[in-house]
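Here the structure is laid out as structure tokens; the discussion comes afterwards.
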Amino acid sequence: MGFVKTIENIWKIEDLRKRILTTFFFVVIYRFGTHVVLPGVNPADLEALRHSASGGLLGLLDMFSGGAFANASIFALGIMPYISASIVIQLLGIALPYFQKLQKEGESGRNKLNQYTRYLTLVILLFQGPAYLLGALGGAAPGGFWTFLLPSTIILAGGSMFVLWLGERITDKGIGNGISFIILVGIIARLPHALVGEFTSRLSDSAGGLIVFLLEMVFLLFVIAMAILLVQGTRKIPVQYAKRIVGNKQYGGARQYIPLKVNAANVMPIIFAQAIMFIPVAVAGFATADKTGWFMRSLTDNTSWLYCLIFAFLIIAFTWFYTAVTINPIQMADELKRNNGFIPGIKPGKKTADYIDTIMSRITLPGSLFLALVAILPAFASLIGISKEFSHFFGGTSLLILVGVVLDTLQQIESHLLMRHYDGLLKSGRIKGRSGSIAAY
């Protein structure tokens, strides 16, 4: 009854009801576009593309696009070029003073950065479009440059920019986090097909039967619970603000906390590591099978122990690097000192910066190890007999994005309920979101 009552309360709030219906409308448009095949491409010739997109990095891209990648649809490139451009702009904000200045200029600076991100997205699309048409489609790509390659590149670029527009509309008029929600829809769209395929295969005589399938589902729930802990895990540092009395009013004097995330880098280390691990795959694609040695073959197999070991090491290294460049203890200490805040028992200034840096180092190590374990779990799932398509949901980028965006969406809905004095989605406590979007990574 509590769940039904919560649904009734959600439907009673006119603004929330409109936002949910608007989001549903935009999602329907997006899902329709993922099945619209590029002009001139015969859907019957895409079997090779679907087979290559069943695992590895291509499988991940196909999952993020909701199957549009393997369908050669007008939304085949999806939102990933925009994510890549956002990452580049964010890294430029760390390296170049001009972009650092824009990050500190507030709303006007963010608008300029968003404009640069869109321009860079178009540049990336102009390279990724022909690469997809010539590399991924292969024999399914008909015609020449003027009859197919050029118009299809324009269509793919326009499709990705339209998906970006849909995401922004979901942010403005829907339930928020539109870019992240688009990726969420793509991941969830692949779940029923993968679940039914795994269930059907387990019902066969030689696959373990229903008991093994139930054990897989229990293990999946356990992995999801661990991913939630990784996404929401924080180390709170107490901060005391000095008491000031101005006239008859008292300011400060309250104790607050600095929440330091166990996984401050989110999914960025996995994305960087996957990009590097894709290099051996690209190199092996230009070599014949008899010329690739054991080492290269191991690096192209995402279930080999060598691949998992190097992949995990890269994730741990990138977690430390990305956390170091995004979390600035000196700046945090200066802001505390400027606002008359201090950590009890720690002197302001350099001592505070050293203390925050020590805490971050201590929590980053277990966070990076846990993140590496989650990233290689799909490989272990494949080794124990789980299908490649279903194994993606046992860890990696897809699971972390799925958990993070769902938590953010539920937090948005709960905030609307609490604002109008309704009960939240949980009987006790409140849902804590990830406080960030995929595009912000």
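Just so it is clear, the model here is predicted, and its values are computed rather than measured.
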Worksheet item: What distance do Phe222 atom CZ and Ile224 atom CD1 have between them, rounded to the nearest 0.5 Å?
Response: 12.0 Å
Fill in: Interatomic spacing from CG in Leu373 to OG in Ser368 - rounded to 0.5 Å
11.5 Å
Discussion item. What I'd like to find out is whether the side chain of Ile343 reaches to under 4.5 Å of the side chain of Ile356, using heavy atoms alone.
Written reply: yes
Worksheet item: Would you say Leu77 and Val163 make side-chain contact, with heavy atoms under 4.5 Å?
Response: no
Worksheet entry | Closest non-hydrogen atom pair between Thr171 and Arg19, with its separation | O-NH1, 4.5 Å
Worksheet item: Taking side chain as C-beta onward, heavy atoms only, is Arg31 less than 4.5 Å from Thr34?
Response: yes
Worksheet item: How long is the span from the OG1 atom in Thr352 to the NZ atom in Lys350, to the nearest 0.5 Å?
Response: 11.0 Å
Worksheet item: Do other residues, nucleotides or ligands put more than 12 heavy atoms under 6.0 Å from the CZ atom of Arg362?
Response: no
Worksheet item: Which heavy atom of Ile316 sits nearest a heavy atom of Ala372, and at what distance?
Response: CG1-CB, 4.0 Å
Item to complete: Test side-chain contact (heavy atoms from CB on, under 4.5 Å) on Asn114 and Glu168 and set out the steps.
Response: CA-CA 12 Å; Asn114 289 334; Glu168 292 177 344; over 6 Å; no
Worksheet item: Would you say Leu195 and Phe393 make side-chain contact, with heavy atoms under 4.5 Å?
Response: no
Discussion item. Are more than 12 heavy atoms, taken from residues, nucleotides or ligands other than His193, located less than 6.0 Å from that residue's NE2 atom?
Written reply: no
Discussion item. Taking the side chain as everything from C-beta on, heavy atoms only, tell me whether Ile237 gets closer than 4.5 Å to Tyr355.
Written reply: yes
Worksheet item: Tyr257 and Pro238: which non-hydrogen atoms are nearest, and at how many Å?
Response: CD2-CA, 3.6 Å
Practice prompt. Return the orientation label for the Phe26 and Trp165 ring planes: parallel under 30°, perpendicular over 60°, tilted otherwise.
Written response: perpendicular
Practice prompt. Begin from the C-alpha positions of Tyr322 and Phe318 and carry the test ring-ring contact (aromatic ring centres under 6.0 Å, His included) through to its verdict.
Written response: CA-CA 6 Å; Tyr322 196 80; Phe318 279 125; 9.3 Å; no
Item to complete: Could you check if a side-chain atom of Ile179 sits within less than 4.5 angstrom of a side-chain atom of Leu164, using non-hydrogen atoms only?
Response: yes
Discussion item. Go through it in stages, so that I can follow the logic: the residues are Ile384 and Glu216, the test is side-chain contact (heavy atoms from CB on, under 4.5 Å), and I'd like the CA-CA distance, side-chain angles, deciding distance and then a yes or no.
Written reply: CA-CA 10 Å; Ile384 63 176; Glu216 290 177 1; over 6 Å; no
Discussion item. Evaluate Asn266 against Leu400 for side-chain contact (heavy atoms from CB on, under 4.5 Å), listing each step before the verdict.
Written reply: CA-CA 8 Å; Asn266 292 305; Leu400 293 176; over 6 Å; no
Worksheet entry | Phe380 and Phe394: CA distance, side-chain angles, deciding distance, ring-ring contact (aromatic ring centres under 6.0 Å, His included) verdict | CA-CA 9 Å; Phe380 290 111; Phe394 282 83; over 10 Å; no
Worksheet item: Rounded to the nearest 0.5 Å, how far apart are CD of Gln115 and CD1 of Ile89?
Response: 11.0 Å
Worksheet item: Within the side chain of Thr117, is there an N or O that forms a donor-acceptor pair under 3.5 Å with the backbone of Ser86?
Response: no
Practice prompt. To the nearest 0.5 Å, tell me how far Ile79 CD1 sits from Leu166 CG.
Written response: 8.5 Å
Discussion item. In the structure I gave you, are the side-chain heavy atoms of Val231 and Asn263 within less than 4.5 Å of one another anywhere?
Written reply: no
Worksheet item: Which one of Ile363, Asp357, Leu365 satisfies the side-chain contact (heavy atoms from CB on, under 4.5 Å) criterion with Ser361?
Response: Asp357
Practice prompt. Would you sort out whether Tyr82 and Ser160 count as a side-chain contact (heavy atoms from CB on, under 4.5 Å), showing the intermediate values?
Written response: CA-CA 8 Å; Tyr82 176 77; Ser160 288; over 6 Å; no
Worksheet item: Closest approach of Cys308 and Ala379, non-hydrogen atoms and distance?
Response: SG-CB, 3.6 Å
Response to the item:
For Ile74 and Gly33, the nearest pair of non-hydrogen atoms, with its separation, is CG1-O, 3.6 Å
Worksheet item: Around atom CD1 of Ile330, are there more than 12 heavy atoms of other residues, nucleotides or ligands at under 6.0 Å?
Response: no
Worksheet item: Hey, are Arg338 and Glu335 close enough for a salt bridge, meaning a charged N less than 4.0 Å from a carboxylate O?
Response: no
Fill in: Gap separating the CG atom of Leu102 from the CG atom of Leu96, nearest 0.5 angstrom
10.5 Å
Worksheet item: Counting distance only, does the side-chain N/O of Thr234 pair as donor-acceptor with the main-chain N or O of Lys236 below 3.5 Å?
Response: no
Fill in: Closest contact, heavy atoms only, Pro81 versus Gly78
CD-O, 3.6 Å
Fill in: Side chain to side chain, Tyr116 and Phe99, heavy atoms closer than 4.5 Å
yes
